[in-house]
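Structure first, then comments.
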Amino acid sequence: MEPAYAKRLRKDNWGNFSLLRHRKFDGVLVTSKNSGTHWVKYMFAVALADTFGVERPKYFSENAVRPYIGWPKDKPTFPELPRLAFSHTIPHRLADWGWARLLAGLPPYVLFVRHPMSILASHHAKWNHELDVDWLDYLRGDPSGAIYRCDLYWLARFWNRWGEVMESAGDRIYRVHYEDTRANPRAIIGGMAAHWKIALKPEAIDAALKAGTKEAMAKKVDPEAEANVLQFRKTPLEEQFSGEALEIYRARVKELFRFDLGYDLRNLPKG
């Protein structure tokens, strides 16, 4: 193992105590990066608003949705809503142990993930105006975690830690694939609500699904939010992950990933 990667693992696994902030919530949504986070949060926020009779979020941006599914440090905006938070966190080792989870009072989690190939392509398309890095260099990644918000090293750390936690606390974690949400968003929104023990009204879920279409969300862009959230990737995945790019990707996956979270990691996502 590269020394820079080993150092980053120690920092994430033993130095990240952010989970302790989760004890005050009824549920937490943990997502891998570039996995449809804005989309699923916005749909669930609309369903919450219509169920509990509060105003809907004005936009789908992170700040606009925070009163419904906020950051762990946020205070409640609508007291009548269940308290929900979201995070991209890589959990501390204490989350592996039942006694520690019980002592910390950790809530039920929804773990929302996407195929790593799609994540990498989306992240590069979204952020390369800042990164200005060649696709192959980006795939090679940074073991120290200092250069990129998300690369194969970050994904491996996230995948492996949540895979380990699921081995000991699977009943507390509802794992969701982005691809399954695209195929049947009603079932996933309902499943998330059931896991968090929230009784969403059927008509509220109907409204959330209508609000969550790309056409509807294009009318709800926050002028003060980060640009390019509704980015459209131009190059097909099968072109991006071919030749040397596919070799680099597969080598990193073989070297770094110990859990698949239900995916065939070596090959293109289905559908």
Side-chain angles (χ1 to χ4, degrees), residues 18 21 25 27-89 110 112-114 118-133 135 138 147-151 154 176 178-179 181-182 185-186 188-189 192-193 198 200 203-235:
S18 62
R21 295 196 189 105
F25 290 93
V28 175
L29 172 66
V30 176
T31 72
S32 53
K33 296 176 182 177
N34 291 88
S35 298
T37 305
H38 286 84
W39 173 55
V40 73
K41 281 199 304 176
Y42 180 64
M43 285 196 295
F44 206 89
V46 170
L48 283 173
D50 283 17
T51 293
F52 289 90
V54 301
E55 63 186 274
R56 292 184 183 182
K58 187 175 181 180
Y59 305 113
F60 67 81
S61 64
E62 184 167 311
N63 281 337
V65 174
R66 278 173 65 183
Y68 311 84
I69 306 175
W71 297 347
K73 65 180 181 180
D74 289 344
K75 295 181 179 179
T77 301
F78 300 110
E80 54 268 67
L81 293 184
R83 292 210 65 192
L84 301 176
F86 100 96
S87 175
H88 295 306
T89 195
V110 171
F112 196 89
V113 292
R114 188 181 188 185
S118 298
I119 293 175
L120 293 165
S122 178
H123 189 82
H124 188 260
K126 180 178 177 180
W127 293 109
N128 204 40
H129 66 285
E130 291 183 8
L131 296 172
D132 191 24
V133 64
W135 172 237
Y138 170 66
I147 298 175
Y148 305 117
R149 293 179 177 91
C150 175
D151 63 0
W154 185 90
V176 176
Y178 167 87
E179 297 80 3
T181 312
R182 298 294 304 177
R186 182 183 303 278
I188 298 303
I189 294 297
M192 291 169 62
I198 300 171
L200 294 178
E203 59 269 27
I205 296 178
D206 291 341
L209 299 183
K210 290 178 182 177
T213 65
K214 241 171 193 178
E215 295 75 19
M217 289 180 68
K219 300 175 183 177
K220 297 290 184 180
V221 176
D222 188 341
E224 298 183 1
E226 65 185 29
N228 206 26
V229 172
L230 284 174
Q231 55 92 9
F232 295 88
R233 210 172 7 91
K234 306 295 184 185
T235 308

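Given the structure is predicted, the values throughout are model-derived calculations rather than measurements.
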State whether the side chain of [X] and the backbone N or O of [Y] hold a donor-acceptor pair below 3.5 Å, judged by distance alone.
X	Y	value
R114	N34	yes
S35	K33	yes
D151	W154	yes
H124	V133	yes
W39	G212	yes

Just so I know, are the side chains of [X] and [Y] near enough to count as touching, which here means a heavy-atom distance under 4.5 Å?
X	Y	answer
Y148	W127	no
L29	L84	no
W135	L120	yes
M192	V40	yes

Which heavy atom of [X] sits nearest a heavy atom of [Y], and at what distance?
X	Y	result
W71	A85	C-CB, 4.4 Å
V176	V110	CG2-CG1, 4.0 Å
A218	V221	O-CG2, 3.5 Å
A211	V46	CB-CG2, 4.1 Å

Quick one: list whatever passes side chain to side chain contact (heavy atoms under 4.5 Å, CB included) with [X], sequence neighbours left out.
X	result
E215	T213
P82	D26, L48, F52, I198
R186	N184, I205, D206, L209

Under the salt bridge (charged side-chain N to carboxylate O under 4.0 Å, His left out) test, which residues partner [X], sequence neighbours left out?
X	answer
R83	none
R182	none
E130	R149

Listing request: all side-chain hydrogen bond (donor to acceptor under 3.5 Å, both in side chains) pairs with a residue in residues 49-58, at least two apart in sequence or in separate chains. D50-R56
With sequence neighbours excluded, residues passing ring pair (Phe, Tyr, Trp, His ring centres under 6.0 Å) with [X]:
X	value
F44	W196
Y68	F78
Y59	none

Which residues share a side chain to side chain donor-acceptor pair (under 3.5 Å) with T31, sequence neighbours left out: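 Once residues adjacent in sequence are excluded, the partners of T31 under the side chain to side chain donor-acceptor pair (under 3.5 Å) criterion are T37, H88.
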Taking only residues two or more places apart in sequence or in another chain, which ones pass side chain to side chain donor-acceptor pair (under 3.5 Å) with E203? none
Spacing of T77 atom OG1 and R66 atom CZ [to the nearest 0.5 Å]: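 Going from the OG1 atom of T77 to the CZ atom of R66 covers 8.5 Å.
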Six-ring centre of F86, K41 cation under 6.0 angstrom, axis tolerance 45°: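 The answer is yes; both the distance and angle limits are met.
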